[in-house]
Every structure is written in structure tokens, then in C-alpha cells.
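Reviewing the structure listed below.
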Protein chains: 2
Amino acid sequence: MSSVPPSIPSPVRIKQPKRADLVTEDVKRLITARNLKPGDRLPNEKDLQELFGVSKSTTREALKSLEVQGLITISTGPSGGATIREVPLERTLQLMQNYLFFQDISMKDLYAARTILEPELAAGAVANLTDEQLARLEANIETCQPACGSNATLLDQRQSDLDFHDLLAEANGDPFLRFLCQLINELLRRLVVYSTDTPADEHVSFGCANVRCHTAILNAARNRDADEVRRLMKEHMEEAESFVARLNGCLDGRLILDSEMAPQLRGFEPR
Amino acid sequence: MSSVPPSIPSPVRIKQPKRADLVTEDVKRLITARNLKPGDRLPNEKDLQELFGVSKSTTREALKSLEVQGLITISTGPSGGATIREVPLERTLQLMQNYLFFQDISMKDLYAARTILEPELAAGAVANLTDEQLARLEANIETCQPACGSNATLLDQRQSDLDFHDLLAEANGDPFLRFLCQLINELLRRLVVYSTDTPADEHVSFGCANVRCHTAILNAARNRDADEVRRLMKEHMEEAESFVARLNGCLDGRLILDSEMAPQLRGFEPR
DNA sequence: TTGTAGTATTTATCATGATAAATAGAACTG
DNA sequence: CAGTTCTATTTATCATGATAAATACTACAA
């Protein structure tokens, strides 16, 4: 018999890591150790097989893992293979939604976080807003003017409303706060559904209120009045939450698919 | 399982989605459509091959993708194969750290978000805290008493300090706010490094201040005084940030590996 | 110069096993 | 009954191609 001691049947046996996962880790170490940057290339499949002493299928699974994690793209052709890339925001948001799919997140929860974060995000963006960004904010408000719209148009407006907040997020210098707000915006964008029997005029009221709030925020931002922006945004969030509640807005519990997301997910990287 | 469908050469080339990714999407649709829950099993490899009309390697890559995303675990043996699971928090945090690896997040950014969120998190937890949780908080404070410790012990105390905040997070009823705070805690836990030449007594001061703050927060929590908890936590965050700054704490820019994380990542699921 | 056609490289996908390891459940044993 | 062994099932990993498709580059033609 071998020298391995008779494994004591413990309640939790240690799961043997799979080779592909070990290779994935090795590649990550390689990235950290060699300080590889987006655009740098990994060795091709054949070389990786030799480098780590594993078979083709194991190598391919490891690369698949890195691809799913958003860390590499793979292309065919000469000088093809795996290229490191900056993990796209969209990819991260999608992976996060896999998690939230199983959590019982309510609209109330989302708005609780939003009411805390958005005012600070907006206030922090005020100082950085360029003329161009201010112009885009103004243009966005135009788009959101609720005219006589079909129901589909009204839903489109809910999407455009969110763009206003994404634009503000872009102007904030804090990448982490930005990320948190983008996450919330994305969740609202993908998962909010309204009951079909909601009267259209309620939606119109919602749109009008948003336009009013956004306009006020934009004006305060033009005056570089961060405190006022914070105050207005807080009000806006509280009002918006009550509108959503009145419209029976709730979160759709479903898995987001890759194909619903931005094209960068497909792995195409211009340069 | 025959040949790949021919593609018509169009003027606008769209990146052809890979088969494995299409299969991954199909499985996700299956999960949503059939309302599959954690513990439910997918068909085995062979059946999936037939179901989707793809080869073994493609099937395996699709399963690998789902596994990396944390949506399934795979086991061998009779009645083995892919089992749906709730995406573990740890998995999600790791995937998110892949994203943040490329973002230039500073300690200041992290503490900005923390100072906004933690006070609300703590205040929201007060009403829900059970006696058992209060006891655990108290026990945690004991652990963090900075005695005469080696440098390694001092760093361990930084980790234990974070446990206090994780314990509070657990008691908050809002799963989304909880998630955000757990994310921050995890980032601090994994990525904060201190310069080696920091005097030990500064670390001791830090530890003492934390114990003081945590004690005050615990007392206020026992009195179910949410406002006081909020106020104390805000103070605590501001003080902690200045301590970290004085200790030259900064974020280690590296990729987190699976093996650093909790065992649930390995795919083991009791039941 | 500009566009096209050819060529070599590399991944994508398929096919078809073989051996090893993990595992659940049945059969056996003290 | 409790523990062990046997056995069938299923994935893990390897091996070894073959054909198809995407792509970078080069050579050639208008």
C-alpha cells in the first residue's frame, strides 16, 4: 500500500483543486509577478501546455476561466492567443448580478443604498464637471421631457433618466464610489419592471418630477454649489423612491445574459 | 454533432459568439425558465452534449464557465454532474476584485465610501441585534485588546477589527447594503498593506482607538440607540482613516487567487 | 497608391478514445 | 448495528488528431 495515511473521514473533506484552476492561478501569478498590463499577450496554447505541463483540454479550460473572469480576450490568427485586458465594468456587473439573483433584494433596499450614495456622488462630481459634460447633462434632460408617449416610450424614459446619473458618476473622481453607483444604476436599468396596469399618467408624473429635479441639480452644478447638489439629489432620491413604489416597480428575478450586455463583453478590443 | 455552420462573409463583421458561450446562455435560460433552485441538478455531460448538439469539449467549456461564475458545482460519481448553487459571496467578491485590480483605487476612496455606508449599516443593524450577536461583538472586542504583541499579531488585530464590522453587517436586514459593506471589508482585509518601518506603538494606538470605538458602539447598540450608533460609527471611520494614513497603509495592487479565499469556493456544498 | 488575393498562424470545434479519481449505494463482515 | 469492501457511475485529465474559421502579413495587380 502507499504511504498515504488512511484518510480520516472528516465531515468536510478537502476538495482536490482541479488542474485547470491551478493553471488559472499560475497565470494570475504570472500577471502579478511580471506586472503584465492590458494589451500584453500570454504565450499561445501550445506554449502554455508545455509551460505548465498540462494537456490541451486543461489549458483550454484554464483560458476559458480567465476569459469568463474578463481578464483576457482570445483571438485567432498569427500573433493571436490570449491578450490581457482590463476587466470591463459590464462584465463585473453581470457577474455581480449572478450573485444578486439569489439574494432577495427589494426595491427598497436598492433605494436605501442609492439615497445614501447618490447625493455624495453628485456633490463630489460638481467640481470636476466640464462644459462638455454639463452640455451632455442638459441634452439628457431634453431627451427625458415626457411628451405624449406610448407606454414603451415611457419605459425608455426611465432608462434615459438613469443616464443622467451615469453621466454624473463619470465626473466623480473617486473610482470606487463611481463603481458602486454604476452598479446600482445598472441593476435599476436591467431589473426594474413595472406592473402593466399602471396608468400612463403616473409615469408621466414621474418623468416630469425627474426632469424638474435633474434641472435643479444641473443648475446648482453650474453654480458649483456642491452642498445644494447634495441636498437636491437626496430629495430627488426620496421622491423617486415613492414614485417607484406607487408604480408598483419591482425587481425581476432573472439571470442576466451576456448577449444583453455591451459588445465589449464579446471580447473585441480595439487598439 | 456535425460541422460548424458556415458564416456568410458580411461587410460588417460581428464577432461570432463561441458555441460554449451560447450553451452557457442556454443553460442560464433553462435555469430561469424552469425556475431551478440551488441543489437542483443539470443533466450530465453526455445528455447536455445531445441536448445542445455540441461536442464534449464545448460542453465542458460551457460548464467551466458556469462553474467560474459560481452558478454550479460539479461532482463526480453516481448522480454527479452539475448542481446549481447560490453564488457564494466570496466568489463574487473575488470576481469584483479582478475588476478593481485595474482601477486605481486608493485608500482614500475606500474610506470615503466606508464613511458614508458604515454608519447607516450600523444604525440599521441596531434593532435586529440578538443577544447572541451582542455577545459575539463583545467577544470580538476582547480579541482585539492590543496586548504586548509581535508585529504579526498586530496585523492579525487589524483583521479582527474588521470582523466587528462584518458581525454588524450580518445583523442588518438590508441584503444590498450588507453586500456593499462586506465588499469594502473584504477589500480592506485582503489588500491593505502597511509599510514595514511603521513603529509598533502606532499600531497599538490604532488598536486601542478601535477597541474604544467598538466598545462605545456596542454600548449604544445595547441601548438600542441607533442615532448614537450612527454618530459613533461616523467618528470611528474618520478616526480610522487618519490612523491608516499615519501608518502609511495602502492597497496592494495584485490579483486575488481562489486559493486565498474561503473553502466554499472549491465547490463543496454540504447538504 | 490602393485594393485584392494568397499564405501561414492560431484558435474553434469536432471526434474518439483511454486511464484515473471521486463518489453513492449495495453487499458484505464482525 | 457499525464499519468495510465492492461496484457502477460520472467527471478529470490526458492523448491525438482533423477540419473550419479568423486573422496578420505579404505579394501582386490595377
Side-chain angles (χ1 to χ4, degrees), chain A residues 1-2 4 6-24 26 39 41-68 72-83 266-271, chain B residues 1-24 39 41-50 52-68 72-83 266-271:
Chain A
M1 291 290 287
S2 68
V4 180
S7 64
I8 301 145
S10 61
V12 178
R13 262 167 300 180
I14 305 291
K15 190 101 168 186
Q16 204 62 26
K18 297 180 193 176
R19 292 230 170 160
D21 294 331
L22 295 176
V23 172
T24 303
D26 283 338
R41 293 220 313 285
L42 294 179
N44 69 21
E45 258 187 46
K46 206 158 194 83
D47 292 341
L48 286 173
Q49 282 173 51
E50 285 171 19
L51 183 56
F52 296 113
V54 293
S55 70
K56 188 170 75 170
S57 45
T58 302
T59 309
R60 286 190 59 79
E61 281 195 16
L63 289 174
K64 187 77 206 170
S65 171
L66 292 165
E67 194 190 29
V68 170
I72 62 169
T73 62
I74 304 178
S75 56
T76 61
S79 75
T83 305
R266 288 265 155 265
F268 181 73
E269 185 193 347
R271 237 173 78 98
Chain B
M1 284 175 217
S2 53
S3 62
V4 181
S7 73
I8 301 140
S10 65
V12 180
R13 269 168 305 173
I14 295 164
K15 188 99 172 187
Q16 204 63 26
K18 295 179 194 175
R19 291 222 158 169
D21 294 332
L22 295 176
V23 172
T24 303
R41 294 219 316 283
L42 294 179
N44 69 20
E45 261 188 45
K46 205 155 196 83
D47 293 341
L48 286 173
Q49 283 172 50
E50 285 171 20
F52 297 114
V54 293
S55 70
K56 187 170 76 170
S57 45
T58 302
T59 309
R60 286 191 60 78
E61 281 195 17
L63 289 174
K64 188 77 206 170
S65 172
L66 292 165
E67 194 190 29
V68 170
I72 61 169
T73 62
I74 304 177
S75 56
T76 61
S79 75
T83 305
R266 289 265 155 266
F268 181 75
E269 184 194 338
R271 234 176 78 92

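Every chain is numbered from 1 and lettered A, B, ... according to where its sequence line falls, protein lines coming before strand lines. Only this structure's heavy atoms are used, side chains among them; waters, hydrogens and symmetry mates stay out.
Nearest to the side-chain atoms of K18(A) among the listed nucleotides dA22(C), dT10(C), dA12(D) stands dA12(D). Listed nucleotides: dC14(D), dT23(D), dT13(C). Nearest to the side chain of T58(A): dC14(D). Taking the side chain of R60(B) as heavy atoms from C-beta on, and the options dA24(C), dA24(D), dT11(D), the nearest nucleotide is dT11(D).
dA12(D) atom P lies 14 Å from atom CD of E61(B), rounded to whole Å. Protein atom CG of L66(A) is 14 Å distant from nucleotide atom P of dT11(C), rounded to whole Å. E50(B) places its CD atom 14 Å from the P atom of dC14(C), with the value rounded to the nearest Å. Summarising the geometry, the separation between CD on Q49(A) and P on dT16(D) is reported as 11 Å, rounded to the nearest angstrom. Per the geometry, CD belonging to E45(A) stands 14 Å off C1' belonging to dA21(D), to the nearest Å. Taking atom CG on L42(B) and atom C1' on dT11(D), their separation rounds to 14 Å, with Å as the unit. Rounded to a whole Å, the CD atom of E67(B) is 11 Å from the C1' atom of dT11(D). Distance N44(B) CG to dT10(D) P: 6 Å, rounded to the nearest Å.
Considering only heavy atoms from C-beta on, E67(A) stays 4.5 Å or farther from L63(A) through its side chain.
For A20(A) and P78(B), each mapped to the nucleotide of DNA chain D holding its nearest heavy atom, the one lying further toward the 5' end belongs to P78(B). Position along DNA chain D of the nearest nucleotide to S55(A) versus G80(A) favours S55(A) as the more 5'-ward residue. For the pair K56(A) and S79(A), nearest-nucleotide mapping onto DNA chain C gives the more 5' position to S79(A).
Side-chain nitrogen and oxygen atoms of R19(A) include at least one within less than 4.0 Å of the OP1 or OP2 phosphate oxygen of dC14(D).
How far OG of S79(A) is from CZ of R41(A): 5.0 Å, rounded to the nearest 0.5 Å.
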What verdict does the side-chain contact (heavy atoms from CB on, under 4.5 Å) test give for V23(A) and T59(A), after you've listed the backbone C-alpha separation in whole Å, the side-chain angles of each residue and the deciding distance to 0.1 Å?
CA-CA 7 Å; V23(A) 172; T59(A) 309; 5.8 Å; no
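Of the possible donor and acceptor atoms, none in the side chain of S65(A) sits under 3.5 Å from a partner among the backbone N and O of E61(A).
With salt bridges taken as basic N to acidic carboxylate O contacts below 4.0 Å, none links E45(A) and K56(A).
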